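So that the names make sense, note that chain A is the first sequence line, chain B the second, and so on, each numbered from 1. Every value quoted in this text rests on a predicted model; they were computed, and no experiment measured them.
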There are 4 protein chains.
Amino acid sequence: MRFFSDNAAPAHPAVLDAMLAANAVDTAYDGDALSKRMDGVFSDLFETPVTAMWVATGTAANALALAAMVPPHGGVMCHRDAHIQNDEGGAPEFYTHGAKLMLVDGVGAKLDPAGVAAAADAIANDVHRVQPHALSITNATEYGLVYTPDEVAALGEVAKARGWGLHMDGARFGNAMAHVGCSPADMTWRAGVDVLSFGFVKNGGMSAEALVFFDRTLAADTLRRRKRAGHLLSKGRFAAAQILALVEQDRWLDTARAANAGAAALGAAAGARALHAVQANELFLRATPDEAAALRAQGFDFYDWAAGEVRMVVSWSQPADEIAALAAAIAAL
Amino acid sequence: MRFFSDNAAPAHPAVLDAMLAANAVDTAYDGDALSKRMDGVFSDLFETPVTAMWVATGTAANALALAAMVPPHGGVMCHRDAHIQNDEGGAPEFYTHGAKLMLVDGVGAKLDPAGVAAAADAIANDVHRVQPHALSITNATEYGLVYTPDEVAALGEVAKARGWGLHMDGARFGNAMAHVGCSPADMTWRAGVDVLSFGFVKNGGMSAEALVFFDRTLAADTLRRRKRAGHLLSKGRFAAAQILALVEQDRWLDTARAANAGAAALGAAAGARALHAVQANELFLRATPDEAAALRAQGFDFYDWAAGEVRMVVSWSQPADEIAALAAAIAAL
Amino acid sequence: MRFFSDNAAPAHPAVLDAMLAANAVDTAYDGDALSKRMDGVFSDLFETPVTAMWVATGTAANALALAAMVPPHGGVMCHRDAHIQNDEGGAPEFYTHGAKLMLVDGVGAKLDPAGVAAAADAIANDVHRVQPHALSITNATEYGLVYTPDEVAALGEVAKARGWGLHMDGARFGNAMAHVGCSPADMTWRAGVDVLSFGFVKNGGMSAEALVFFDRTLAADTLRRRKRAGHLLSKGRFAAAQILALVEQDRWLDTARAANAGAAALGAAAGARALHAVQANELFLRATPDEAAALRAQGFDFYDWAAGEVRMVVSWSQPADEIAALAAAIAAL
Amino acid sequence: MRFFSDNAAPAHPAVLDAMLAANAVDTAYDGDALSKRMDGVFSDLFETPVTAMWVATGTAANALALAAMVPPHGGVMCHRDAHIQNDEGGAPEFYTHGAKLMLVDGVGAKLDPAGVAAAADAIANDVHRVQPHALSITNATEYGLVYTPDEVAALGEVAKARGWGLHMDGARFGNAMAHVGCSPADMTWRAGVDVLSFGFVKNGGMSAEALVFFDRTLAADTLRRRKRAGHLLSKGRFAAAQILALVEQDRWLDTARAANAGAAALGAAAGARALHAVQANELFLRATPDEAAALRAQGFDFYDWAAGEVRMVVSWSQPADEIAALAAAIAAL
């Protein structure tokens with residue numbers, strides 16, 4: 001029973017069907033009929049004209065987004081525990097040609113406007129100091145917390161007041177949206193987001209994320225950077241097919257809701273053992289090594305996050321009986 | 001009737017079947033059972049221990065291979081018409097952090113040892129001049145010509161004598177092998193090749209190429225570079241599945257043979273109009289604009305290569321009747 | 001008797017005097033009184049508002065200029081024999097983060113508008129091909145030829161029509177100006193030049209070149225790139241002092257005229273043996289190995305340029321008797 | 001009365017004399033007689049064979065040192081307040097092509113072995129996490145504290161045990177050595193240092209630092225990187241002359257002792273107001289804004305370091321009466 005991560009789950013049946021349907025020859029790269037639908041579909045979803053492009057991984061999406069906003073001599077403000085800092089093998093530095101990640105603290109891996117502003121104010125504006133050019137936030141965060149649109153907007157104001165771009169790493173954007181229930185527009189561009197990494201791989205996809213540019217002026221160069229990074233797939237129709245299948249009929253929200261509900265059940269069982277509010281599809285559980293071992297002995301696989309802490313992630317396809325069993329086991333600790 | 005390129009063809013049915021079979025959850029990234037089989041399968045195929053890893057595109061494969069052999073202050077010798085120079089949007093420069101491509105001439109996009117040695121001899125060995133660290137050849141070449149193992153070995157000797165690495169861009173490696181009929185080992189490491197970009201996308205795959213390291217000391221850092229480039233897929237099993245399906249039962253040779261045979265038929269029809277020997281799956285045809293227009297009027301799609309030249313590529317899945325029809329149309333010019 | 005190059009000559013006495021005079025403590029970096037005069041002095045010299053900054057080497061000046069105009073995924077059109085291509089150890093690629101140098105032919109290392117346009121026209125405008133973003137020309141060229149203002153303007157038109165920046169590598173700008181006798185403005189911004197590497201090291205300086213931005217919008221980021229490259233000297237006043245000493249009283253023209261005159265004398269002696277017109281301070285002489293050896297036996301040091309060709313460079317401080325002796329020796333060949 | 005920094009002080013008379021003496025033409029770049037003496041002079045000074053090269057700035061020295069030890073996908077452990085992190089405009093990231101600086105805390109900007117080891121232990125060794133490849137320490141530190149040879153050796157053990165390189169930023173190496181009084185060898189290679197940035201600019205030089213490689217295998221590529229960065233001066237003899245003049249007769253220790261003595265006098269006057277022990281040539285003084293303003297009103301210039309803290313730096317050439325006056329003014333606070 002795998003609660004290790006949501007990043008290895010099966011692809012949604014509709015995704016597989018769409019890929020099979022896309023097998024007939026079509027124009028290469030992103031010239032096919034499906035890829036050409038991306039801009040329109042996402043413009044509809046976000047109620048504003050956007051440019052949307054597929055990439056194969058969240059790491060590529062994030063790194064391309066940052067490279068679009070930050071020059072090599074610039075910096076990116078982000079949380080100390082952000083995925084872009086800790087889990088992408090230096091991809092942001094690679095794609096930006098050496099921009100500096102500037103780490104800010106915040107509870108539950110959430111940033112707040114005062115903390116970001118204070119960090120920025122401490123940076124003298126001279127050529128000796130790297131200057132921030134963008135703020136990157138993760139929604140839902142590394143700890144499964146969700147920014148509300150108002151919280152995003154408050155950060156967006158800080159960014160805009162200083163001339164920075166605002167990037168949202170939405171590897172679990174679906175989970176965040178399913179939790180808040182607002183419109184995608186309210187969570188993103190209306191709150192100041194310029195570029196969104198819209199994750200599908202953790203939410204029913206196979207190998208496709210959408211990079212959505214609300215600031216469309218950033219898109220043209222990104223198309224060149226995507227090619228230069230070897231991320232322009234020859235048969236892009238298979239990536240577009242995945243994404244379109246999940247956006248259609250709001251499947252991306254259904255899958256996220258399923259995962260969130262499972263995590264909520266685990267959170268309810270955990271009670272005070274939950275280290276963070278369970279808002280998305282992750283439970284961070286206080287557990288001694290013995291307790292963790294006991295759970296593993298019952299067949300549950302999960303991640304040792306830190307001393308005395310484990311992480312359990314519910315995927316969109318997690319069987320109900322697995323969730324019930326884990327909830328019972330947690331409650332029995 | 002699309003003869004524009006082989007890079008948008010359907011995926012082979014066995015590839016699709018393997019991907020569907022890989023849908024069950026497994027370890028993420030390259031920790032799954034299929035990805036773990038890569039080294040063994042390719043070691044068997046090449047009759048020597050190799051490290052093999054999947055990447056999504058040929059551009060990524062080539063750029064990672066070069067980055068493994070060439071420091072940022074170094075250079076890569078390649079043909080003036082090489083894909084890495086003209087068609088990858090600067091990916092080699094991106095991945096190598098600015099190494100210089102050093103262009104050499106040669107008939108049919110083939111390099112010869114004397115030409116490479118002369119180009120190298122003209123470079124003074126001081127800090128003012130960028131020094132070559134690798135030689136990159138393409139087999140089959142941009143013009144559909146095939147290096148024999150002896151020809152590769154002669155270039156390999158030049159490379160080894162000067163301490164360079166030798167990279168083979170095998171985007172159409174299957175087509176080259178189907179033409180020559182030798183063992184994969186003879187065409188590669190026995191001839192001095194250190195790293196091979198083994199193409200599958202043009203030969204029945206969907207979105208997976210194999211990067212094969214005969215010099216295994218280069219592999220460890222490449223795993224880090226792959227992650228840093230955003231090319232470590234979360235669900236790598238779907239990439240491995242594609243490759244393994246094509247290697248099993250020598251399907252990659254069957255598909256290549258089919259494509260080559262189609263091109264041979266076109267070449268026979270072209271006769272003296274063929275600008276290069278048709279050894280792989282491409283025909284470069286002498287055709288006036290009027291002739292090209294006439295062919296297009298009959299429903300054939302192809303690439304305008306240069307003034308008075310068009311390129312026709314036969315894919316592994318090209319219907320026999322399309323090939324026959326184009327052959328007849330060419331013969332009738 | 002050293003005719004090997006002009007890059008190792010003594011510093012002009014006025015330069016040394018100015019440096020000694022600058023020894024008193026002043027604000028660090030470029031905040032001192034001398035550095036602050038740079039913009040004004042060069043604005044006067046060029047009869048238009050410019051931003052001017054010192055750097056220690058021509059390589060740094062050129063690379064910073066190109067980085068200001070060309071994104072990492074872009075290209076620079078230049079002559080096949082350009083210094084930036086052959087003699088800077090990959091500095092343009094380093095500073096631009098991997099932009100591609102796109103080599104064009106031309107007699108005497110001079111580019112002509114038709115040749116540049118033809119090279120550019122051959123580049124398809126898609127994401128697979130690196131696109132040129134700048135044109136870089138060298139005046140005087142590697143072969144000691146000088147572009148006239150009209151010739152520069154014709155190239156400037158090509159650049160502007162395509163949206164490129166125009167860079168002039170003026171490592172021997174003084175020699176070019178001394179030959180043409182026009183105003184600095186006519187040779188540069190009036191002819192479309194956006195950034196000039198204005199060389200002083202070869203023309204009486206010790207370790208300072210001026211990077212002059214006619215397109216002042218490019219200067220702010222360059223100040224950051226200069227720091228990031230470790231080229232913001234702590235005691236910038238010593239660099240500014242060198243440059244100001246040479247600009248004052250048009251010393252830079254006097255030194256260049258002296259060098260040019262010496263080369264002209266050698267050229268006159270060489271007659272038909274001169275491989276290029278002697279317009280600046282260099283003579284390229286046809287000489288067999290035996291002839292070269294004979295000259296060396298008489299105490300003359302010079303550079304073996306190519307088979308049967310030697311290069312002789314006259315510096316601003318070359319003693320008259322050395323020039324006369326070499327001229328006589330050449331005439332006696 | 002300038003106590004703002006030591007980086008704008010005059011050059012030592014012996015430095016100026018040596019530069020004037022170096023004005024006669026010699027081989028360009030680092031082929032001159034003075035540059036060729038660098039290896040030998042520093043090998044003597046450090047009692048072991050080293051490779052030593054000049055560069056124009058401490059930023060270039062540090063960045064080249066790090067690039068020699070850390071691949072683009074690697075990281076550098078350093079103190080949170082290190083100059084390489086805060087004051088070099090991203091130079092380490094530029095030269096290393098995007099390596100990550102990994103910040104560690106420590107009192108007085110000094111690192112301790114336990115802190116470094118703990119930070120390293122927290123980094124999982126997988127491709128998702130950037131791995132440290134070097135440790136960089138600053139001696140004397142940003143707060144004017146000095147590592148003893150034993151302290152360096154303890155950090156060297158941590159580095160060596162993990163396969164990292166050890167870099168010492170010795171922008172104020174002279175001040176550190178003058179304080180400790182040990183042999184240069186004991187402070188560096190005997191304690192595990194692989195590369196030293198040996199600062200002269202703050203200690204009597206004009207525009208030259210020495211980059212000293214105890215691990216000589218790192219030097220050859222660095223010569224290429226230096227050229228590629230535009231730091232290979234045409235007339236390197238003027239840089240070498242500066243350095244040699246300061247090494248000869250131990251002038252670098254005399255200048256450092258003078259500066260240290262001045263700071264010690266200020267420290268004695270400051271008493272409990274001194275925020276750090278005064279070991280080198282800097283005093284960090286607790287001072288309210290009013291107190292700082294009062295000092296400035298008396299003609300003293302210094303740096304506002306943080307709220308309630310000012311920094312005063314004594315240069316090698318600081319007049320005795322200025323030091324006495326400031327000491328009196330501090331004592332009178």
Distance-minimising heavy-atom pair for Thr27(B) and Arg2(A):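 Looking at all heavy atoms of both residues, the closest pair is CA-NH1, 3.9 Å.
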Gap separating the OG atom of Ser207(B) from the CE atom of Met206(A), nearest 0.5 angstrom: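 The distance works out to 8.0 Å.
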Between Ser234(A), Ser5(A), Ala8(A), the one whose heavy-atom pairs under 4.5 Å with chain B are most numerous: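 Answer, by heavy-atom pair count under 4.5 Å with chain B: Ala8(A).
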Best-contacting candidate, Ala22(A), Ala9(A), Ser315(A), Pro92(A), against chain B by heavy atom pairs under 4.5 angstrom: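 Counting heavy-atom pairs under 4.5 Å, the top option is Ala9(A).
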Please flag which part of [X] lies under 4.5 Å from any non-hydrogen atom of chain A: side chain, backbone, both or neither.
X         : result
Ala56(B)  : both
Leu20(B)  : side chain
Arg237(B) : side chain

Parallel, tilted or perpendicular: rings of His231(B) and His231(A) (30°, 60°):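 Correct class here is parallel.
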Aromatic ring pairing Phe94(B)/His97(A), orientation class (parallel under 30°, perpendicular over 60°, tilted between):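 Perpendicular: the ring planes of Phe94(B) and His97(A) meet at over 60°.
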Beyond-backbone contact of Asn7(B) with Lys235(A), side-chain heavy atoms, under 4.5 angstrom: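 No, too far: nothing below the 4.5 Å cut-off.
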Side chain to side chain, Thr59(A) and Leu232(B), heavy atoms closer than 4.5 Å: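 No - every pair of side-chain heavy atoms lies 4.5 Å or more apart.
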Tell me whether [X] contacts the main-chain N or O of [Y] through its side chain, where contact means a donor paired with an acceptor under 3.5 Å.
X         : Y         : value
Thr57(A)  : Leu233(B) : no
Asn23(A)  : Pro10(B)  : no
Arg228(B) : Ala91(A)  : no

Proximity breakdown for Tyr29(A) and chain B, heavy-atom pairs closer than 4.5 Å: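 For Tyr29(A), the contact with chain B is made by the side chain alone.
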Contacting region of Ala11(A) [heavy-atom separation from chain B under 4.5 Å]: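 For Ala11(A), backbone and side chain are both near chain B.
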Partner chain A: residue of Ala229(B), Ala61(B), Gly236(B) with the largest heavy-atom pair count (under 4.5 Å):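 Answer, by heavy-atom pair count under 4.5 Å with chain A: Ala229(B).
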